[in-house]
Enquirer: 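Mind having a look at this structure? Questions to follow.
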Amino acid sequence: MTGHERRVARLAHEEASFNPQHYLADLMDGAEMMEALCQFQPPWSQQLVAWTDKKKRSEGTTTTAKGKGQREPDQDIIPFTDEERVQLKELPNKEYLLDKATRRTLYLGLVDVIFAYAYDYRITEGEHNVESAWNICKLSSTLSWLEAFRGRVEEVIYCSARRCLCYPLYRHWQLVQCVLHDTTQLFLLGRRKLLQCLLDIRRILNSSEPYYVMNNLYITDYCVWIQRASSRHIQNLALELKQVKLVCVFR
């Protein structure tokens with residue numbers, strides 16, 4: 001199948017998979033559960049507060065040799081665990097020669113994957129379980145349909161929102177909005193935090209068949225690539241995510 005044919009097939013499958021009864025049941029009967037899930041505060045919320053405070057304190061005082069303030073949080077705000085350091089040592093040493101269009105596809109695919117991860121993190125309240133690999137791969141059209149986005153960030157979020165209302169256990173519009181907010185925060189924290197998320201995804205998929213294959217196809221390369229990605233592009237994506245306004249995702 002060509003990329004266009006896959007996209008047409010994906011959209012048709014999503015339309016067919018949307019279950020109004022399931023959605024209404026979550027909307028009407030799952031209010032208490034949704035409130036608990038949406039009130040959950042992931043650790044990156046506090047990390048973003050700490051990073052924002054640090055930037056404010058350093059404005060006009062601490063600058064780099066080029067006269068610009070620190071762009072992204074360092075290890076003081078986002079420390080790596082021993083397990084994550086071991087994973088980093090296992091990563092291959094690669095360099096990627098990419099044209100502008102391919103880089104854009106990679107950045108948009110990253111948004112898609114991180115959104116799926118943020119959804120699973122929120123519904124499990126940070127305690128990933130045996131369904132986490134399924135959640136991440138099913139909600140990410142990059143991983144489940146080999147989708148290659150080439151447009152705007154809104155297109156990616158539109159796709160992710162549709163899948164959140166079609167497939168997982170909890171299908172609620174408010175939950176989608178919370179996950180969008182989570183995704184925006186993760187991108188605001190920059191490459192180090194995104195790398196930490198990708199390492200966590202890699203760990204989750206490694207322990208689950210057949211999803212470990214996605215590490216070979218996507219996640220390991222993302223872990224290597226993100227370390228040299230443009231911090232400016234990451235921040236621009238965060239700004240684009242801030243401006244996304246979701247409305248109707250199904251006809």
Side-chain angles (χ1 to χ4, degrees), residues 37-59 62-64 68-85 87-88 91 103-104 106-128 132 135-136 139-140 142 153-154 156-157 160 175-204 218-244:
L37 291 176
C38 290
Q39 286 180 350
F40 170 69
Q41 292 294 313
W44 54 76
S45 294
Q46 289 302 314
Q47 289 172 335
L48 185 58
V49 170
W51 169 232
T52 302
D53 290 343
K54 183 175 181 179
K55 283 196 298 182
K56 288 180 179 178
R57 291 195 304 269
S58 65
E59 281 179 0
T62 305
T63 57
T64 64
K68 295 182 180 179
Q70 184 179 343
R71 284 181 177 269
E72 298 177 304
D74 54 21
Q75 61 183 357
D76 293 336
I77 294 175
I78 305 175
F80 286 134
T81 65
D82 291 340
E83 182 181 358
E84 288 166 345
R85 293 182 185 279
Q87 281 202 73
L88 287 170
L91 295 176
R103 285 197 300 271
R104 180 64 177 174
L106 283 176
Y107 282 117
L108 294 176
L110 181 63
V111 173
D112 176 59
V113 171
I114 294 298
F115 189 102
Y117 171 79
Y119 175 94
D120 183 75
Y121 199 102
R122 180 165 287 278
I123 67 164
T124 61
E125 297 185 329
E127 299 291 335
H128 301 293
S132 291
N135 281 334
I136 293 169
L139 296 183
S140 167
T142 300
V153 166
E154 286 89 342
V156 182
I157 299 302
S160 297
L175 182 59
V176 172
Q177 299 283 359
C178 290
V179 175
L180 174 56
H181 180 68
D182 290 336
T183 306
T184 303
Q185 288 190 324
L186 289 169
F187 274 82
L188 285 169
L189 284 168
R191 294 172 297 180
R192 189 178 182 90
K193 187 61 188 180
L194 294 173
L195 173 59
Q196 196 172 55
C197 295
L198 289 166
L199 291 173
D200 201 17
I201 295 170
R202 186 171 181 265
R203 178 189 62 80
I204 292 167
Y218 287 99
I219 305 303
T220 297
D221 281 322
Y222 260 125
C223 289
V224 176
W225 171 78
I226 192 65
Q227 298 178 66
R228 297 181 181 178
S230 167
S231 60
R232 180 175 59 84
H233 276 74
I234 296 295
Q235 291 306 305
N236 286 341
L237 282 173
L239 295 177
E240 290 181 60
L241 285 165
K242 272 187 171 183
Q243 296 170 1
V244 171

Enquirer: Side chains of F115 and L139, heavy atoms from C-beta outward: is any pair under 4.5 Å?
Expert: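 SC-SC contact between F115 and L139 ruled out.
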
Enquirer: Between K56 and D53 (salt bridge meaning N to carboxylate O under 4.0 Å), is one present in this structure?
Expert: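 The answer is no: the pair does not qualify as a salt bridge.
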
Enquirer: Before you tell me yes or no, could you show the steps for L199 and E83 under side chain to side chain contact (heavy atoms under 4.5 Å, CB included), namely the whole-Å CA-CA distance, both residues' side-chain angles and the distance that decides it to 0.1 Å?
Expert: CA-CA 10 Å; L199 291 173; E83 182 181 358; over 6 Å; no

Enquirer: Hey, is the main chain of P79 close enough, under 3.5 Å, to the side chain of Q196 for a donor-acceptor pair?
Expert: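 Yes; judged by distance alone, with no hydrogens or angles, the pair exists.
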
Enquirer: Looking at G126 and F40, what are the two nearest heavy atoms and their distance?
Expert: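 So the two residues come closest at N-CZ, 4.0 Å.
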
Enquirer: Please give me the minimum heavy-atom distance between C223 and L195, naming the atom from each residue.
Expert: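 Answer, listing the atom of C223 first, then L195: O-CD1, 3.5 Å.
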
Enquirer: Ignoring hydrogens and angles, tell me if any N or O in the side chain of D112 forms a donor-acceptor pair with the backbone of T142 under 3.5 Å.
Expert: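 Yes: the side chain of D112 pairs with the backbone of T142.
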
Enquirer: Does the side chain of Q41 pick up a donor-acceptor pair with the side chain of Q46 at under 3.5 Å?
Expert: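 Side-chain D/A pair, Q41 to Q46: absent.
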
Enquirer: Rounded to the nearest 0.5 Å, what separation is found between the CD1 atom of I157 and the CG atom of L180?
Expert: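 If I round to the nearest 0.5 Å, the distance is 5.5 Å.
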
Enquirer: Please report the shortest heavy-atom distance between T184 and A238, naming the atom on each side.
Expert: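 The pair with the smallest heavy-atom distance is CG2-O, 3.8 Å.
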
Enquirer: Main chain of V179, side chain of Y119: is a donor-acceptor contact present, judged purely on distance under 3.5 Å?
Expert: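 Side chain of Y119 to backbone of V179: no pair is present.
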
Enquirer: Check E72 with R192, please: is the shortest side-chain N to carboxylate O separation under 4.0 Å?
Expert: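 No salt bridge links R192 with E72.
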
Enquirer: Tell me whether the rings of H128 and Y121 are parallel (<30°), tilted (30 to 60°) or perpendicular (>60°).
Expert: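 Correct class here is perpendicular.
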
Enquirer: If every non-hydrogen atom of R104 is compared with every non-hydrogen atom of L237, which pair is closest and at what distance?
Expert: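 Nearest heavy atoms, R104 then L237: NH1-CD2, 3.9 Å.
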
Enquirer: Looking at the rings of W225 and Y107, which for Trp means the six-membered one, are their centres under 6.0 Å apart?
Expert: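 Ring centroids of W225 and Y107 are less than 6.0 Å from each other.
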
Enquirer: May I ask you to check whether over 12 heavy atoms, not counting those of D76, lie within 6.0 Å of atom CG?
Expert: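 More than 12 within 6.0 Å, yes.
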
Enquirer: Restricting to non-hydrogen atoms, name the atom on R122 and the atom on C38 that form the minimum distance, rounded to 0.1 Å.
Expert: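 Between these two residues, the closest heavy atoms are NH1-O, 3.3 Å.
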
Enquirer: Report yes if the side chains of L91 and Q227 come closer than 4.5 Å at any heavy-atom pair, otherwise no.
Expert: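 Side chain of L91 against side chain of Q227, heavy atoms only: contact under 4.5 Å found.
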
Enquirer: Under a 3.5 Å cutoff, is there a donor and acceptor pairing between the side chains of R202 and Q87?
Expert: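 There is such a pair (donor and acceptor under 3.5 Å, judged by atom type) between the side chains of R202 and Q87.
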
Enquirer: Given 3.5 Å as the limit, does a donor-acceptor pair link the side chain of T124 with the main chain of D120, or not?
Expert: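 Indeed, once roles are kept as given, a pair shorter than 3.5 Å links the two residues.
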
Enquirer: Which atoms form the tightest heavy-atom contact between I77 and K54, and what is the distance?
Expert: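 Looks like CD1-CD, 3.9 Å.
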
Enquirer: Does any part of the side chain of Q185, heavy atoms only, come nearer than 4.5 Å to the side chain of S45, both counted from C-beta?
Expert: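 In contact.
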
